[in-house]
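Because only heavy atoms are used, hydrogens play no part in the values below, and waters and symmetry mates are left out as well, while side chains stay in. Below, chains carry the letters A, B, ... as their sequence lines are ordered, and counting in each starts from 1.
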Number of protein chains: 2
Amino acid sequence: MPEAHYPEIRALNLFAEMAEANFLSLMRGAYVQNFPPQIELIGEGEPSDFLHVVLSGSVDLFSTWNGRETSLATVRPVSTFILAATIKNAPYLMSARTLEKSRIVLIPSQDVRAIFDTDGSFARAIVTELAQCYRSVIKAQKDLKLRTSLERLANYLLRQQKRAGGGPVVELDFEKRRLASVLGMTPENLSRAFKGLQPYGVTVEGTRIVIGDQADLERFARPNPWIDDHST
Amino acid sequence: MPEAHYPEIRALNLFAEMAEANFLSLMRGAYVQNFPPQIELIGEGEPSDFLHVVLSGSVDLFSTWNGRETSLATVRPVSTFILAATIKNAPYLMSARTLEKSRIVLIPSQDVRAIFDTDGSFARAIVTELAQCYRSVIKAQKDLKLRTSLERLANYLLRQQKRAGGGPVVELDFEKRRLASVLGMTPENLSRAFKGLQPYGVTVEGTRIVIGDQADLERFARPNPWIDDHST
DNA sequence: CGGATCACTTGATTTTTGTCAATGCTGTAA
DNA sequence: TTACAGCATTGACAAAAATCAAGTGATCCG
């Protein structure tokens, strides 16, 4: 792998604190690949041979059962995915596909496990990362079980707004069909949900969403830090 | 804490491999308490002061929002809960209440974090535990997003049957109202779902469920290892 | 410039799920 | 024992969401 990529990987919390020798050892075994859009990188049930790091582009994590499909998360640069499967040396629970042209680092799982066993700093970083991931899924679970689809959309928009700086305009960063899947509804229903938020000042122009009256939307959405604040 | 409890706690994967001195140090700071049924042990959003270990009885992990409530998991002996919040020193994401008379060990979170920082074996055990928890929630998420309530119930029954040894009779280990909440439906709907499974050979006598024709139920339920096998 | 494709939207309809109200059942305590 | 509380069930209804079937609009490409 070209050393040019080392700094941005090293900058990730997961790799920031580990011993330099161990980091270099990991990097020596790793390689970078460029993928076109819509390529399936890994499939549910396959053995977890590599820990993946997204350097650019984006990756959709999804799952299928009985002819149905759902998106569970979208991975954006720079971050890793399928850490848990790598550590447990267990099969992937989700499939992954590129959404756009993406540059991805593949680190052999056995290297990760070996260094995890010897480098305490790395092990601690992994704990922190996993705890974070775990808490995120719990929040998603609560979102799904406690809210209607309209409420999920409203809170999603408020979260995006916050991420984007708090202004009234939110740009959707992926297709509506995928957003629908992430939010646990059909594309048709998402369309109707957007209309259902019009009375609360939400207007849609293609991929551009305007939150006309944030306070009004919040009165409806009732955002809650233990569901919506993904930083804690 | 009485030393009599040490062995069963030490037997947990989480504590099995750590240095004896560190284990004893953890235990010295811990204490055991007996709680009556229906006592709220912790509340969503509170700081995570203790790692909890259930020695006997059972604990319901649940969450509320906007007047609604949902059960996310049930903890049975002997196991721990709210490990992620303890490690991250972050607020609890779920509330917990005893379902029955329960004996619970409380280990101060700061002790856990301190030893996590110094004991590599303990840190590794925590990683394994967290990865396991993470994967369990992902499976629950897939169950919820990919299946109807009838399919969730059918697969739940098959999982329980397997846990109970594979015989045709499955004993529900908690109230139907709670099962309904865990499965993400109302009690009324659970009643109807049981009826909906009658054509596949499922009969209900109170808390006793008989799976008359396992193969038939499986044809309907289509259990999948990456959703239903909670051992991997 | 067509023509095709694909995402998105919209309306009509069905399915699924939740809500409300009434009833039965069971175990507990006076 | 009776009265009561709480859970489970049932039926009727309402709401939420999925499905099916067009139709619209944008983009890509020969």
_Consider side-chain contact (heavy atoms from CB on, under 4.5 Å). Of A:L183, A:L150, A:D228, which one does A:N155 pass it with?_
A:D228

Check: protein-nucleotides 20-25 of chain C nitrogen or oxygen pairs below 3.5 Å:
| from | atom 1 | to | atom 2 | distance (Å) |
| --- | --- | --- | --- | --- |
| C:dC20 | N4 | B:E188 | OE2 | 3.2 |

*asked:* Within the 3.5 Å criterion, strictly below it, is a donor on B:E69 or B:T64 matched to an acceptor on the partner's side chain?
replied: no

*Under 4.0 angstrom, heavy atoms only, what part of the nucleic acid is A:T148 near: base, sugar-phosphate, or nothing?*
sugar-phosphate

*Give me the residues of residues 57-73 of chain B where at least one heavy atom lies under 4.0 Å from an atom of DNA chain C, by number, or none.*
none

*asked:* At a heavy-atom distance below 4.0 Å, which nucleotide of DNA chain D is the first touched by chain B, and which is the last?
replied: D:dC7 to D:dA12

*Beyond-backbone contact of B:T74 with B:L61, side-chain heavy atoms, under 4.5 angstrom*: no

*How about A:Y134 and B:Y134: are their ring centroids closer than 6.0 Å?*
no

*Quick one: is A:K195 getting a side-chain N or O under 4.0 Å of the C:dT10 phosphate, OP1 or OP2?*
yes

*Residue met sooner reading DNA chain D from 5', once B:E175 and B:N189 are mapped to nucleotides*: B:E175

_Tell me the interatomic distance from A:R177, atom CZ, to C:dT5, atom C1', rounded to whole angstroms._
13 Å

*Between P of C:dT17 and NZ of A:K145, the distance in whole Å*: 14 Å

